[in-house]
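The next block holds one structure in the form of C-alpha cells; read it before the comments.
In this text the structure is predicted, and so the values were computed from the model without any measurement. What's counted below: heavy atoms across the whole structure, side chains too, no hydrogens, waters or symmetry copies. Lettering of chains follows the sequences in order, A, B, ..., and the numbering in each one begins at 1.
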Amino acid sequence: MARLSGHSSRLAGTTEIISPVTEVRVAILIPTHALPPLSYRVPEHLRGHVRLGSAVAAPLSGYSRLGIVVGVEEPDEDRDLEDVREVFEDLALDAGLVRVCRWVCEVSAVPLANVLRTALPPGLDTRSYRILHPAPDWSWRRGSVVARGALRRALGPERLKVAEEAARIELTPHCPPPASEEWTVAAPEAAPDFGRAHSQRKLFEELRAGEANGVRSGDLLAATGATRATLLRLERRGLVRFEKRPAVAAVHAASGGVKLENEDFISRDLDGFLEGAEARFWRLPTVDHPAVAVAVARSAVERGEQALILAPEIEGVERLKGVLLESLPEGCSVAAYHSGLGRGRTAVYEAGRAGEVDVIVGTRAAALLPLPRLGVICVVDEPNEAFRAEPGYEGLPLHARDIALRRGGDGGASVVLLSPTPTLRLYGSGVAELPARLASSWPAVRLVDMRGTGAVFSATFLDACRSAVENGGRVGVLVNRIGPGVSVSCNRCGAVRSCPVCDLPLALHGTGRLAALICARCGHREAASENCPQCGSLRLSVTGLAAGKVRAELRAALEVPVGLLTAGEKSEADAPVVVGTTRLVQNLEWALVCVPDADSLILGSSIGSVERGFRTLYRAAESARIRLVVQTRNPEHYALQAALRSDYRGFAAAELPKLRALGYPPYAHLAEVVISGPGNAVRDAVESRLRPKLPLGVRMSALVPAGSDRSSAWRVLLRADERREVAWAATIAARLGGRKANGLKVLVDVDPEEV
DNA sequence: AGCACGCCGACT
DNA sequence: GTCGGCGTGCTC
C-alpha cells in the first residue's frame, strides 16, 4: 500500500503546491451516526497530498483510524486540532464520488462511513497494523500484520498507543489477499511407469501436453474426468507438485461479432443522446434490454469511456456478461462485479479503478465502484426491488437507480434506465423519457370473473391449461407470494375491506377472534370479524393462494406433473405446468401464463402494491407467447385492465393522482421505522425520545404492530415533503437503537419501495 | 470513605 | 469504536 507519512523520505523536494489544504473534515470509518466527520489539521509534510476523497490515518481516542476526507475547511490558526498522520494514496476516492456518498448518506439515513465503505475495496480491514520495529518481548515479527484487537489484548491500551507513537507499528488498511488457486506442475525429468494406473497416466499426459509452467488443477481434473484422489497419488509419487498462485482478475476480452436483433435501431434511437451526459428512462420491451446494454457499452467504448451496466440479480449479471462478450468489438474488456465473486471481487474492483476494464456489469454492489473513465450507466429492469438492500442487510437501502442518477449528474455520465413499466417515482425526479418502443407481440388475454364462485380454478382456466399442454406448450401459473399483511375480500361481491380514512386495503394481523384489520398508512384498526360492508355477506376470505396448495390442486385436476418455482424452492421445473411466484415470469417464456388470483397481486395493503401488481401482470403478459388467462373478482380494476392492454400511460394517469392524494413518493416522502422490543419500551422511546426531536414539517403516524406476532416489532411512518427532511428524522429514529436502547433494535428505511 | 459498575456524552 | 466522568449502590 503506497503511503505517505512522517517517516517517509519520498516527499523531500515536493515544492509545487497550489493553495494547499490545511484543515479537513474526516469521516472515520466507524459504522455509526453518533460520530460526525471530525476536523483535523494537515501537517506541513502532507500539504499538497490531501484533498477531498483522500484516505488518511487520523487519531481518535489515541489510536489511528482510517478515514476519508469528506470536506475541506478554511484555515483557522486558533483551533487546536490533531494532525492527520498519514495518507493512503491507493485508497483515495474521487471527489465526485465522495459527494455522491454524502448525498446517499443524507437521503437514506445510513451512516456516512457505511456508504463510503461500499465505494472502497470490498472487505477492507481498517483495523490492522503492520509491525515495523518489534520490541524485544513481542511475539510478532517485523513486517507481519496484526489486528488492533490482538495488539490491545497483548500490550494493553497504553503500551499500544506508545508503540504507535514510537513508530513501532503503523496502521495499514488491509485488503483481503487475492483469491489463490492451485496449479499442478509436472516434475521436470519424470519418466514414470504407470502400469495399470490409467487415470494417473491420463492426468500426467494431459499435464505434459499443456503449458510448461503448469495447469490449473481444477482445469486439469475437468479435462480428464479424473478425481482429486488420483491427482494426490501423483503428487505423493513426486511426479507433480502443487503451487498456489494468485487468481487473476476475472476480466474477459470480448470476442466480437454477434449482432443482436434490434441492436441497429436501438443504436439509432440512442443516437446523439449518450454524448450529452443526461439521464433518460426508456420504455421498451424486456426482451430488448440486452441489446440496449450492448449498444450503450459499445458507444461508451468507442468514445474511450467506461460503461457501468447494472442488473438486479447475479444470475442476470452473468447472463448479460455473456451477451456483452459475444457482441462487443474484439478487445473490449468486460468484468462482472457482485457478491457471488467472493475474494475474486477485490481484483475486479482494482481493475475497474485502474481503468483497465471497459465494461463492468454488476448488481447493486457495483453502484459506487470508482471508475475513472465512467461515461454511461445503464440500469436494466429499473423498477426491480433487488436494486435496493433491505435495511439491516448487506448493501445500501437506497435504490441503485437513484444512486445512478445522482452519480451521472455529478460525474458527467449519461444514465439510461430500462423498463417497459418504469417506476412512477421517476415522474417526480425530472428525468425525461426516450421515445417508447411498444411490445411487438402481445398474447390473447382472457379475463375470468370469479364473483359468486367459491372455486379456485374456473373451467376456462383448466381448459386452457389442458389444451396448451396437449399442443406441446408449457404453462406457467403465477401466484403471489403470501405473507404477513395480506388483505381480505368478500367472496360474494369481491369488495376489499379498506381503510375509511385512506381508502387503502387493510392488512390482516393475527388469527381467530383476535384478528384485526389495520391500515398500513394511518394505523386505523378494526375487528376482522364483521360482515362485508358492501353486500353483507359473511364469506370473507384472505387473498392469495399459496404456491404449494395451487400445485397440489392443479396436479389433481390436470393429471400431469406440476413443477414449482419460487424464490426459495425449485422442483420439477421442466414439468409441462409450473407454479411459481414472480421468478416464474422473470426470465422465462411460456405458451400460456395463468394467474389464478390476480386480486392478490393488485389488492395488497401497502404502498406500491398496486404498482407492483400492475408490473407483475404486465410482465406475465410479456412472458406469455400465446395466451394469458387471468381470474379475478375485480374485473374492472384499473390496474388490471391497463396491464392486460399494455397501457402504461393509462395506468400512470390513474395511479399518479392517487399517490399525490396519499402523500406518497414522488409527491412526498416517507420513512419506515421498525423497532423491535417490548411494547412499553418501544412506545416510551418513540414518545419521549423521538417525537420531541422531530424536525418541523415531519409528521409521525401511529405505532402499529409489524412483522410476525412471535417477535414483537412495531412500526411508525414518518412523512415530510422533502426527502432530506424525512431522512434526517429517520436518522434520529435510528439512534433509538443506540446504547441506551435497553435492547431495542431499530431499522429505518427511507422511501421504501414497499410499506 | 472507597470502589465497582453502568450509563452517557465526547472524541477533532 | 474508546475513553473518562459521574451517579448509584454496595462493601469495608
What is the distance, to the nearest angstrom, from the [atom1] atom on [X] to the [atom2] atom on [N]?
X: A/L29; N: C/dT2; atom1: CG; atom2: C1'; value: 16 Å
X: A/E164; N: C/dT2; atom1: CD; atom2: C1'; value: 14 Å
X: A/D76; N: B/dT12; atom1: CG; atom2: P; value: 16 Å
X: A/R117; N: C/dG1; atom1: CZ; atom2: P; value: 10 Å
X: A/L60; N: C/dT2; atom1: CG; atom2: C1'; value: 7 Å
X: A/E74; N: B/dT12; atom1: CD; atom2: P; value: 22 Å
X: A/L38; N: C/dG1; atom1: CG; atom2: P; value: 16 Å
X: A/R735; N: B/dC8; atom1: CZ; atom2: C1'; value: 14 Å

Discussion item. Starting the side chain at C-beta, find the nucleotide from C/dG1, C/dC3, B/dT12 nearest to A/K161.
Written reply: C/dC3
Response to the item:
Result for salt bridge (charged side-chain N to carboxylate O under 4.0 Å, His left out) between A/E164 and one of A/R85, A/R152, A/R65 points to A/R85
Worksheet item: If you take all heavy atoms of A/I68 and A/G53, which pair is closest and at what distance?
Response: CG2-O, 3.9 Å
Worksheet item: Shortest non-hydrogen contact from A/G677 to A/W714?
Response: O-NE1, 3.7 Å
Show me, pair by pair, the donor-acceptor contacts under 3.5 angstrom made by side chains of residues 109-121 of chain A, not counting sequence neighbours?
| residue | atom | partner | partner atom | Å |
| --- | --- | --- | --- | --- |
| A/R117 | NH1 | A/L124 | O | 3.0 |
| A/R117 | NH2 | A/T126 | OG1 | 3.2 |
| A/T118 | OG1 | A/V115 | O | 2.8 |

Worksheet entry | Of residues 50-58 of chain A, the positions that come close to DNA chain B - non-hydrogen atoms, cut-off under 4.0 Å | none
Worksheet item: Can A/R159 and A/D137 be counted as an ion pair, charged N to O under 4.0 angstrom?
Response: yes
Discussion item. I'd like to know if A/D402 and A/R388 make a salt bridge, using a cut-off of under 4.0 Å between side-chain N and carboxylate O.
Written reply: no
Discussion item. Looking only at the side chains, is there a donor atom on one of A/S39 and A/E73 sitting less than 3.5 Å from an acceptor on the other?
Written reply: yes
Discussion item. Less than 3.5 Å apart, any donor N or O on the side chain of A/H49 or A/E89 sitting next to an acceptor on the other?
Written reply: no
Discussion item. So, does A/Y63 get its side chain near the phosphate of B/dC11, meaning an N or O under 4.0 Å from OP1 or OP2?
Written reply: no
Discussion item. Can you tell me whether the side chain of A/T32 and the base of C/dG1 have a donor-acceptor pair closer than 3.5 Å?
Written reply: no
Worksheet item: So what does A/I28 touch, heavy atoms closer than 4.0 Å: a base, only the sugar-phosphate, or nothing?
Response: nothing
Discussion item. Below 4.0 angstrom, which residues in residues 148-160 of chain A have at least one non-hydrogen atom near DNA chain C?
Written reply: A/R152, A/P157
Worksheet item: Tell me, do A/P695 and A/E725 make a side-chain contact under 4.5 Å, heavy atoms counted?
Response: no
